[in-house]
Amino acid sequence: MSTRHFLTLLDYSPDELRALLARAIELKKLLKSGQNPTPLQNKTLAMIFEKSSTRTRVSFETGMVQLGGHALFLSPRDTQFGRGEPIEDSARVLSRMVDGVMIRTFEHENVEKFAAHSSVPVINGLTDLVHPCQLLADMQTWFEHRGDIKGATVAWIGDGNNMCHSYMNAAMQLDFQLNIACPETYSPHPKFVTQTKSKTMVTHEASEAVKNADLVVTDVWASMGQEEEQLERQKVFQNFQVNKELLSLANKDALFMHCLPAHRGEEVTAEVIDGPQSVVWDEAENRLHAQKALMENLLS
Ligand code: CP
Ligand code: NVA
């Protein structure tokens, strides 16, 4: 049997995703009640980070420990990854020793290449293209607050980036409507637009996207690796800030999410992210529980 990986949300069926989310909610309850299952005893997860991280690193490492296993943090600065050892060789070597590999990197193709040569499961911890683990946490948060997301309307405001692409995949997999508002030149990848057109629409007016929205989501205007474009992007994205006025055009009980880190005063105002409709701290916490469900599923 070929090795199973989690590189995008499309690697799991809608039923499998719902089962993962249910297990994540259950694991959270078990942890809080002091009955923490440890199905990954003696298992190790290698974590390769070619970009910065707070949430992803801490949630995977803590999650592995809580499941009874161990995680290794590998940075390109002090491993051979940063010195040009071929991805294929790194994959073959690591998978002879560890039970799973999490990778955060730039080109999505590199994660695919690693997975193709790995005999143990590979988890995508963010690429320039997608951020599927964040979507598990976001969806868990929605399910906890509102129940199943099928039939709901979600508004994505801002960059047509990795997070936006994962929301597009989630719309297809979990059957919700996704309205995307972005500057024309920062639209999502055309491949995603075509593949998800039955569940997504793209506009360049933020007010149009939030109409009837049950959930409003945004992300930084300049992602990791785009630091030099920050000033230019700040100008172009001016009309794509989630503020009180914009949020008031969504449904009255709409929730607000942001994968974090956030830039208050840019993509979101403090009033919104620190306000009553925001569930960003639950969302951040759920990275832990959702990824524990994923690791239990892939590694045990
Ligand atoms: N949301 C997220 O992935 O956060 P980090 O970059 O801190 O891991
Ligand atoms: N779009 C952001 C998400 C960070 C978690 C980035 O790629 O930097």
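When a residue number appears, it is its place in the shown sequence, counting from 1. Counting starts at 1 for both ligands and their atoms, in listed order.
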query = Under 4.0 Å from any heavy atom of Leu126, which atoms of ligand 2 are there?
reply = 3 (C), 4 (C), 5 (C), 7 (O)
query = Centres of the Tyr186 and Phe237 rings: under 6.0 Å?
reply = yes
message = Below the 3.5 angstrom mark, is there an N/O of Arg57, backbone or side chain, next to an N/O of ligand 1?
response = no
remark   = the protein heavy atom lying closest to atom 8 (O) of ligand 2 turns out to be Met224 N, 2.8 Å
ask   = Considering distance alone, does some N or O of His131 sit under 3.5 Å from an N or O of ligand 2?
value = no
task = Output, in order, the C-alpha distance, side-chain angles, deciding distance and verdict of salt bridge (Lys or Arg N to Asp or Glu O under 4.0 Å) for Lys28 and Glu144.
result = CA-CA 11 Å; Lys28 183 173 181 176; Glu144 286 174 342; 3.0 Å; yes
inquiry  = Considering non-hydrogen atoms of the protein only, which is the closest contact for atom 2 (C) of ligand 1, and what is the distance?
reply    = Arg287 NH1, 3.3 Å
query = Can you find a pair of side-chain heavy atoms, one from Met97 and one from Val93, that are under 4.5 Å apart?
reply = yes
message = With heavy-atom distances below 4.0 Å as the criterion, list the atoms of ligand 1 near Cys259.
response = 1 (N)
note = Note: ligand 2 atoms sitting under 4.0 Å from heavy atoms of Asn161 are 1 (N)
ask   = For atom 4 (O) of ligand 1, which protein heavy atom lies nearest, and how many Å away is it?
value = Arg55 NE, 2.8 Å
ask   = So, does Leu260 sit close enough to ligand 2 that a heavy atom of it is under 4.0 Å from the ligand?
value = yes
task = Do me a favour and list the nearest non-hydrogen protein atom to atom 3 (C) of ligand 2 with residue, atom name and distance?
result = Asp219 OD2, 3.7 Å
message = Would Arg104 count as a polar contact of ligand 2, with the cut-off being nitrogen or oxygen pairs under 3.5 Å?
response = no
message = Looking at Asn251 and Asn212, would you say the former's side chain and the latter's main chain have a donor-acceptor pair under 3.5 Å?
response = yes
ask   = How far apart are the C-alpha atoms of Glu296 and Arg23, what are their side-chain angles, what is the distance that settles it, and do they pass the salt bridge (Lys or Arg N to Asp or Glu O under 4.0 Å) test?
value = CA-CA 10 Å; Glu296 178 186 59; Arg23 181 61 175 159; 2.7 Å; yes
message = Between Trp221 and Gln234, is there a side-chain heavy-atom distance shorter than 4.5 Å?
response = yes
ask   = Are any of the N/O atoms in Asn162 less than 3.5 Å from those in ligand 2?
value = yes
task = Could you tell me if any non-hydrogen atom of Arg104 lies under 4.0 Å from any atom of ligand 1?
result = yes
message = Is the ring pair Trp156/Tyr167 parallel, tilted or perpendicular, if the boundaries are 30 and 60 degrees?
response = tilted
inquiry  = Closer than 4.0 Å to some heavy atom of Thr54 - which atoms of ligand 1 meet that?
reply    = 5 (P), 7 (O), 8 (O)
request  = List every atom of ligand 1 that sits less than 4.0 Å from any heavy atom of Leu260, numbering the atoms from 1 in the order shown and giving each element.
outcome  = 1 (N), 2 (C), 4 (O)
query = Gly158 and Pro183: which non-hydrogen atoms are nearest, and at how many Å?
reply = O-CD, 3.7 Å
request  = Would you mind telling me which of Leu31, Leu27, Ile25 makes a side chain to side chain contact (heavy atoms under 4.5 Å, CB included) with Lys29?
outcome  = Ile25
key: Ion pair check, Arg18 and Asp15, cut-off under 4.0 Å   = no
